[in-house]
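Counting starts at 1 for both ligands and their atoms, following the listed order.
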Amino acid sequence: MKKGIYPGSFDPVTYGHIDVIRRSAALVDELIVGVLSNSGKTPMFTVEEREEMLREVTKGLPNVTVRSFSGLTVDFAREMDANVLIRGLRAIPDFEYELNMAQTNHIIAPEIETVFLMTSLKYSYLSSTTVKEVASYDADISTFVPPYVEEKIRKKFSKKEEKE
Ligand code: PNS
C-alpha cells in the first residue's frame with residue numbers, strides 16, 4: 001500500500017494546491033495532507049482554520065485526509081507510516097529550495113521518497129502569498145481559490161479592518 005503525505009503551510013489552500021492534491025491522490029492509496037503548525041512565518045489563518053478549509057475543499061476525495069503536524073516533515077511521515085512525500089513544483093525559483101529540502105529529508109529519512117508534481121500551467125503563477133496580496137486590495141480572487149476559501153479570506157480582511 002502506498003501512503004503519501006503532502007506537507008505545506010496552506011495559508012490558505014489555493015486551486016494550485018488542490019490540483020496537486022487531486023493528482024497525487026490518484027497516485028497513492030492514501031494521501032495525508034499535512035498542515036505545518038509551527039512554521040517560522042506568522043500565518044494569516046490558524047492551523048485549525050487551515051485544516052478546516054482543506055477538509056472542506058477535499059471532501060469529495062475519499063482517500064484524502066487532513067492532519068496538522070509540528071516538527072520535521074519526515075518525522076510526521078514516519079508517524080503516519082507514509083513512504084512518499086509529495087511536493088508541487090511551479091517554476092525554477094522553487095527548484096533550489098525544494099532540491100535542498102528533498103536532499104536533506106533524504107539524508108534524515110532515506111526510506112521516504114520525495115516525488116515532485118509539476119504544477120499545471122494554469123496555476124504555475126499561483127501562491128498563497130499572491131492570493132493574500134490581491135485580496136488585501138479587495139480585488140477578485142475567484143480564479144485563485146474556491147468560493148469557500150474566498151469567503152474566509154474576505155472575513156479575515158474585514159475583521160482586520162474593524163480592528164484598525
Ligand atoms: O507550503 P510551504 O510553506 O512551501 O511548505 C514548507 C514545508 C512545510 C514543507 C517545510 O517548511 C517543512 O517541511 N517544514 C518542517 C520542517 C522540516 O521538516 N524541514 C525540512 C528539513 S530542512
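Classification of the Phe69-Phe76 ring pair by plane angle, with boundaries at 30° and 60°, yields parallel.
Side-chain atoms of Ser128 and Asp11 form no donor-acceptor pair, as typed in the model, at a separation below 3.5 Å.
By the 4.0 Å N-to-carboxylate-O rule, Asp138 lies close enough to Arg154 to be salt-bridged with it. With respect to the salt-bridge test (charged N to carboxylate O, under 4.0 angstrom), the residues Arg78 and Glu111 qualify.
With respect to Val131, the side chain to side chain contact (heavy atoms under 4.5 Å, CB included) criterion is satisfied by exactly one of Val149, Ile141, Val13: Ile141.
Side-chain heavy atoms closer than 4.5 Å link hydrophobic residues (I, L, V, M, F, W, Y) into clusters, and following such links, possibly through other members, connects Leu126 to Leu117.
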Under a 3.5 Å threshold, I'd like every N/O contact between ligand 1 and protein atoms, with atom names and distance.
{"from": "ligand 1", "atom 1": "1 (O)", "to": "Ser9", "atom 2": "N", "distance (Å)": "2.9"}
{"from": "ligand 1", "atom 1": "3 (O)", "to": "Ser9", "atom 2": "OG", "distance (Å)": "2.5"}
{"from": "ligand 1", "atom 1": "3 (O)", "to": "Lys41", "atom 2": "NZ", "distance (Å)": "3.0"}
{"from": "ligand 1", "atom 1": "4 (O)", "to": "Arg87", "atom 2": "NH2", "distance (Å)": "2.9"}
{"from": "ligand 1", "atom 1": "5 (O)", "to": "Arg87", "atom 2": "NH1", "distance (Å)": "3.3"}
{"from": "ligand 1", "atom 1": "13 (O)", "to": "Thr73", "atom 2": "OG1", "distance (Å)": "2.5"}
{"from": "ligand 1", "atom 1": "18 (O)", "to": "Thr73", "atom 2": "N", "distance (Å)": "2.8"}

